[in-house]
Amino acid sequence: MTTQLSSPTANGPAPKPPGRSPRALWHLGVNAIVVAWLALFAVVGSAHHFLPHASWLLVHTLLLGAVTNAVVIWSGHFAASVLRLPEANRGAPAALRLVTLNAGAVAVIGGMYTGRWPVVLAGASLVAGAVTAHAGWLVRLLRRALPGRFSMTVRYYIAAAALLPVGAALGVVMARGDLGGDLPERLLLAHEMINLLGWVGLTVAGTLITLWPTMLRTRVADGAERAGRRALPVLLAGLGAAVAAALFGPPPLAAPGVVVYAAGLVIAGVPWVREARAKAPRSFAAWSVAAGSLWLAGSLLVLAGILLSTTSWITVGERTSMLTAPLAAGWIAQVLLGALSFLVPVVLGGGPTAVRAATAGLERAWPARLTITNAALLLCVLPVPSVVRVVCSVLLLVMLLYFLVLLLLTVVRGIRNRRKETPGPVSPEVPAPAYRVLGGVALGLAVVMLAVAGGGAADVRSLPILERSAATSADGGEVTPTGRTTTVEVTVRNMRFSPATVEVPAGDRLVIELHNTGTDTHDLVLETGARTDRIAPGKRATLDAGVIGRDLDGWCSVVGHRQMGMVFGVTATGDTGGAASAGSGESAGNERSGERESAHDHGGTASEGTGESAADAFDPMAEPADGFTARDARLPHVTEGSGPRVHKRTLTVRESEAEVAPGVRQTLWTFGGTAPGPVLRGRVGDTFEITLVNDGTIGHSVDFHAGALAPDRPMRTIQPGESLTYRFKATRSGVWMYHCSTMPMSLHIANGMFGAVVIDPPDLPRVDHEYLLVQSEFYLGEQNGTADPAKVNAKEPDMVAFNGYANQYDHDPLTARTGERVRIWVLTAGPNVAGAFHVVGGQFDTVFREGAYDLRPGGAERGGAQVLDLAPASGGFVELTLPEAGNYPFVTHIMSDAERGAHGVLRVR
């Protein structure tokens, strides 16, 4: 027999007259909270590029918001149903628990975003208190009810609710920060396992004991309750062992706990498999839950493999980030949407006909939707190009929005029909024909394939125009094919091709097997236009160069790599019809190589150059357009408060077209859309947790000079679509540079990837005005193009600027009043040019350089300073008071650089 969950079947209870029951009204109201959180999740997903901590916010709007509310609401409903106390899960106490829960969730998210740990603590306490009260209510309900066949379900809910406060406490500790060693990674994994496998996992397992056969419209399998009883202690034992090992042991010790937990799911799931064999799933609800269960199984298998394969918790933290999407979107979101699509029509009520009509509305085009969701999610977790991953993420978001629209229309239609109609006769349930299901699956796959093809097309890099094919000889004649194929293995090692030159008999077809053993993404391009795709470290690609009749040049087209020596040559041996050309180093080949140099130097950027030189457009005397506003040089204040603080920021790598001088535009690689990147400020003892997200088209990294730690892992290059978290503690004061450390480093810095971290010296006095100027140089390429690598190598800048725009403070000056004290921090970001900061007409009475005071007021010498001289990547500050009103120019006193744009005005009134 099936358990009583108020779900009508063809032989179910007689329909009730129209009208909304209190139970239906209650469920519509409380489930609106779940839908609101899902809508917020969709909004965050749409705007994640513009939000800090977007990944954290996505996870917590889904799990802390939508899922936690759904767990509390529906575990109460199912507990009351299986204990035959259907009215017990409503009323003022239940409403108060939900209000407390949501207030806590909002406080946690708000506290994390504002960096206020006490708010996070208060919010987590409210969440834990609400769930603890829910657990207490479940215990009282269980004691009050008569013994029932499926009361085991309620014990799952109680165990799950008892675990959430523990997970919340670990989250609060992590939010407080100031954690050393690998403790952050240990706490994070324990927090995730308790909340996902405990709070959510136990609730789902307990619910499926009765919900799964009800979804299938079949009987509960014999032994299902017994299997549930045996599984619960196994699940708790496995979870407890895994969490204990995460907190106190090495990673391999946690793997058996994960395996035991998976074994508990197998014990509970054997009856579910028997039920599915008795009556196969035929609805979106059932298939969505089944697909989610498969994602959970795969995630547990991968998690166990990660734990077994390393002894470093930091490595575990980096690798387990790949499981976020499979667990959150693949497992939890699909189970939630499947359950809602089954349960919402039930609670809407109106009789079997109305329930089936509502179900049909929610299951519209379900085979295609389910296929799109799982195929797109699978591509998101595979090593595909970043554009394809973005397109698949958009498909997932569209599927969620489509479900929310269907849900809203179904509820509105159900309420309207309840008001107008009386229930009609019960129509038999007719499953969708097999051809429609298969057609929907085919349609879903076609949509994903078209999206992937469109994403790939959007990422195609321009190819060189072919002057001659490889089958032509050196004098332009056709070479006679031999019919043979020469296959060579070429390996990338340390920014070099090995071998760098290969010999091929003229007339042979050449096939190159390229193996990237380096640490960055590379490709191989031949002057004929034949090329490989960009291949990640550890991957392989094959290049078919065709029939070889002459010498050929080749190179890596990733910007700057060719200038660093990543060149390749093909030498045609035997009778080639004339003298050697490109590969022999003769002038003709060099000229051809030079003609193509600029086209390939910018490969992989968001915008190609126009062909017009940006350097020709630079006029140091040019005026910007009306309404020009300079970058705000005011330094943000340090947040007041005692004790160390944790600063959490997300730096997103973006390729942005920007004006860097009047009429001069470049495509910059940036941290957060600006060059310099966002300013970070704190005190000695503060902890910085920076999440780097690569939304560019080539590999990038970040190096914070303000922290002292081994660079191997945190400063590694990440590929497009990847992210990493960089955590350091500021132990020394100064103005510190951060920059991309991906090779060629000089080019990445020159093209905009730098910024400043200001760590105040202890007891730094307040001043009236505090400014930050970051000096850097520009090596202008084409208009709208990237920096010219040859100029960077030659150390021949076209322009030098403060804060990323030449002479901008001439047109929009810094300001002060007479007698006010002004502090100016200066960082020389380079990559190649030193600075000598000077204020014309001013004298410095304070000089702080590279962590120490060179000059302070009150000395017996009554001395002053005229310049703050700084080598590349060094910084400090000066202080001065200006006694007269007027315009005080500030410059680098390397005067040729001042004349190239490193010039501004401090206007004193």
>> Quick check on side-chain contact (heavy atoms from CB on, under 4.5 Å): which of V447, L445, V448 does T371 satisfy it with?
In response: L445
> Does the S288 side chain pair with the main chain of Q334, one donor and one acceptor, at a distance under 3.5 Å?
Replying inline: yes
> So, the side chain of Y261 versus the backbone of A237: is there a donor-acceptor pair under 3.5 Å, distance only?
Replying inline: no
> Excluding sequence neighbours, so at least two apart, what forms ring-ring contact (aromatic ring centres under 6.0 Å, His included) with W74?
Replying inline: H27, H77
>> Could you walk me through whether Y157 and T207 satisfy the side-chain hydrogen bond (donor to acceptor under 3.5 Å, both in side chains) test, starting with their C-alpha distance in whole Å, then the side-chain angles of each, then the deciding distance to 0.1 Å, before giving a yes or no?
In response: CA-CA 9 Å; Y157 297 157; T207 301; 2.7 Å; yes
> Under 3.5 Å, is there a donor-acceptor pair between the side chain of T61 and the main chain of L58?
Replying inline: yes
> Under 3.5 Å, side chain of E363 to main-chain N/O of F284, donor-acceptor pair present?
Replying inline: yes
> Hey, is the main chain of G444 close enough, under 3.5 Å, to the side chain of R369 for a donor-acceptor pair?
Replying inline: no
> Please walk me through it: do I209 and Y156 pass side chain to side chain contact (heavy atoms under 4.5 Å, CB included)?
Replying inline: CA-CA 10 Å; I209 294 174; Y156 274 82; 4.0 Å; yes
> Is there a side-chain contact between W199 and I194, using heavy atoms and a 4.5 Å cut-off?
Replying inline: no
>> One pair to check against side chain to side chain contact (heavy atoms under 4.5 Å, CB included): V30 and N69. What are the steps and the verdict?
In response: CA-CA 9 Å; V30 295; N69 273 282; over 6 Å; no
>> With side chain to side chain contact (heavy atoms under 4.5 Å, CB included) as the criterion, how do L38 and L337 come out once you've worked through the C-alpha distance, each side chain's angles and the decisive distance to 0.1 Å?
In response: CA-CA 10 Å; L38 285 173; L337 298 188; 4.1 Å; yes
>> Salt bridge or not between K279 and E275? Use side-chain N to carboxylate O under 4.0 Å.
In response: no
>> Can you confirm whether W287 is buried at CH2, in the sense that more than 12 heavy atoms of other residues, nucleotides or ligands lie under 6.0 Å from that atom?
In response: no
> Is a side-chain N or O of H60 found less than 3.5 angstrom from the main chain of W56, in a donor-acceptor match?
Replying inline: yes
> Stepwise, does the side chain to side chain contact (heavy atoms under 4.5 Å, CB included) test hold for L400 with L396?
Replying inline: CA-CA 6 Å; L400 173 60; L396 291 172; over 6 Å; no
>> Whether the side chain of W295 engages the backbone of P326 through a donor-acceptor N/O pair (distance < 3.5 Å, no angle test) should be reported.
In response: no
